[in-house]
Amino acid sequence: MIIYKDIITGDEILSDTFKIIDVGDGLWEVDLKKVTKGGDNFVLEGADPSAEGEDAEESGDTENKQVLDIEDQFRLNKMEGGMDKKTFTSDLKAYIKRLNNKLKAEPNGETKSKEFQSGAAAAPKKLSANVADYDIYMGESMSSEGMYILVNFREDGITPFATIWKHGLKEEKV
């Protein structure tokens with residue numbers, strides 16, 4: 001299995017168990033699923049939870065919550081309230097500059113940097129134009145230096161997908 005980590009922060013972002021689509025412009029789209037999290041309160045057969053003082057109504061642990069599978073598996077954090085276009089564009093430009101510098105510092109860095117720059121030239125404008133449609137997630141560290149994972153829904157309005165910078169990830173075989 002391959003784990004993809006944010007090249008800047010080292011946060012785990014993705015694995016090869018997800019369907020990854022290269023959409024050009026230096027971006028990947030990843031199909032996601034909603035999963036139910038929480039409500040781990042279970043009762044063994046024959047047990048009487050009320051006798052054990054674990055009444056479901058009293059414990060408050062019965063609430064199930066729908067989350068994205070990528071959010072659950074990689075401990076991503078949703079930025080509540082989203083982000084306005086101006087702030088997003090500013091953060092995106094700063095991220096692209098950090099990523100480009102990081103790529104240049106690696107072996108074969110100039111080649112990677114040129115590939116990134118040529119492929120990603122149109123992406124910032126495309127992403128900024130649709131920022132209101134995205135739920136924005138950050139890696140586990142919540143570092144402002146790291147990549148934003150942008151989540152939207154396909155045309156059917158049901159299927160979530162994430163948009164991720166492919167050059168912003170490094171592979172780690174597990």
Side-chain angles (χ1 to χ4, degrees), residues 2-34 66-172:
I2 298 173
I3 302 289
Y4 295 98
K5 293 185 173 185
D6 186 317
I7 201 169
I8 295 173
T9 64
D11 292 336
E12 293 180 355
I13 302 295
L14 183 63
S15 74
D16 64 349
T17 60
F18 289 84
K19 180 181 176 188
I20 300 170
I21 304 163
D22 189 338
V23 294
D25 295 333
L27 300 171
W28 281 349
E29 285 186 358
V30 181
D31 286 334
L32 308 175
K33 296 177 189 153
K34 289 207 172 216
Q66 289 276 318
V67 296
L68 297 172
D69 51 358
I70 196 172
E71 176 184 6
D72 186 41
Q73 292 177 25
F74 298 104
R75 298 173 296 281
L76 300 182
N77 299 289
K78 185 175 181 179
M79 293 178 63
E80 296 299 331
M83 188 178 287
D84 64 65
K85 185 175 180 175
K86 185 178 178 182
T87 305
F88 178 79
T89 303
S90 172
D91 286 359
L92 185 58
K93 286 180 181 178
Y95 172 75
I96 289 171
K97 186 175 182 179
R98 282 191 301 275
L99 179 56
N100 197 30
N101 290 337
K102 183 75 170 177
L103 290 172
K104 285 180 181 177
E106 290 189 350
N108 298 326
E110 286 300 320
T111 305
K112 290 179 183 179
S113 175
K114 285 180 184 175
E115 181 183 327
F116 168 65
Q117 288 175 348
S118 66
K125 187 174 183 177
K126 174 183 166 184
L127 296 175
S128 293
N130 298 315
V131 71
D133 297 335
Y134 293 120
D135 287 334
I136 302 172
Y137 289 80
M138 297 176 79
E140 182 179 20
S141 69
M142 293 287 292
S143 172
S144 61
E145 304 285 304
M147 175 188 313
Y148 290 151
I149 296 89
L150 307 172
V151 176
N152 200 349
F153 289 87
R154 298 263 183 230
E155 292 78 24
D156 64 8
I158 299 170
T159 309
F161 71 95
T163 303
I164 299 173
W165 289 96
K166 72 177 180 182
H167 291 92
L169 300 172
K170 62 182 175 184
E171 292 182 9
E172 182 177 293

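Count residues from 1 along the sequence.
Side chains of I7 and E106 form a contact here, defined as non-hydrogen atoms less than 4.5 Å apart. Side-chain atoms of Y148 and L127, non-hydrogen and from C-beta on, never get closer than 4.5 Å to each other. Side-chain contact between I164 and F18 is absent, with no heavy atoms from C-beta onward closer than 4.5 Å. For the pair D11/F74, no side-chain contact is recorded, criterion being any heavy-atom separation below 4.5 Å from C-beta on.
Rounded to the nearest 0.5 angstrom, D6 CG and L169 CG are separated by 7.0 Å. From E145, atom CD reaches atom NZ of K102 across 11.0 Å, with rounding to the nearest 0.5 Å. Taking CZ of R98 as the reference point, atom CE of M147 lies at 11.0 Å (rounded to 0.5 Å). From Q73, atom CD reaches atom CD1 of I13 across 13.0 Å, with rounding to the nearest 0.5 Å. The line from OG of S15 to CD1 of I70 is 8.0 Å long, rounded to the nearest 0.5 Å. In this structure, L150 CG and N130 CG are separated by 10.0 Å, a value rounded to the nearest 0.5 Å.
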Given the rule in the side-chain contact (heavy atoms from CB on, under 4.5 Å) test, do I2 and L14 qualify, once you have shown the distances and angles that lead to the verdict?
CA-CA 9 Å; I2 298 173; L14 183 63; over 6 Å; no
Full working for side-chain contact (heavy atoms from CB on, under 4.5 Å) between N152 and F161
CA-CA 6 Å; N152 200 349; F161 71 95; 3.8 Å; yes
Where do T111 and N108 land on the side chain to side chain donor-acceptor pair (under 3.5 Å) test, with the steps shown first?
CA-CA 6 Å; T111 305; N108 298 326; 5.4 Å; no
One pair to check against side-chain contact (heavy atoms from CB on, under 4.5 Å): K112 and H167. What are the steps and the verdict?
CA-CA 8 Å; K112 290 179 183 179; H167 291 92; 5.7 Å; no
Which is it for L92 and V131 under the side-chain contact (heavy atoms from CB on, under 4.5 Å) test, yes or no, and what are the steps along the way?
CA-CA 11 Å; L92 185 58; V131 71; over 6 Å; no
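Under the 30°/60° scheme for interplanar angles, the aromatic rings of W165 and Y95 are found to be tilted.
Side-chain atoms of D31 never come within 3.5 Å of backbone atoms of K19 as a donor-acceptor pair (strictly under, hydrogens ignored). Proximity of a side-chain donor or acceptor of S118 to a complementary backbone N or O of K114 within less than 3.5 Å is detected.
Residues G168 and L99 share a closest heavy-atom pair of CA-CD1, 3.6 Å. In plain terms, the two heavy atoms of D25 and A122 that are nearest each other are OD1-CB, 3.8 Å. Minimum heavy-atom separation, L76 to G139: CD2-CA, 3.9 Å. Residue A123 comes nearest to L27 through the heavy atom pair CB-CD1, 3.9 Å, listed as atom of the first residue, atom of the second, then distance.
Salt bridge annotation for R154-E29: present, with a cationic side-chain nitrogen under 4.0 angstrom from a carboxylate oxygen.
Aromatic rings of Y4 and W28 (six-membered ring for Trp) have centroids within the 6.0 Å cut-off, being under it.
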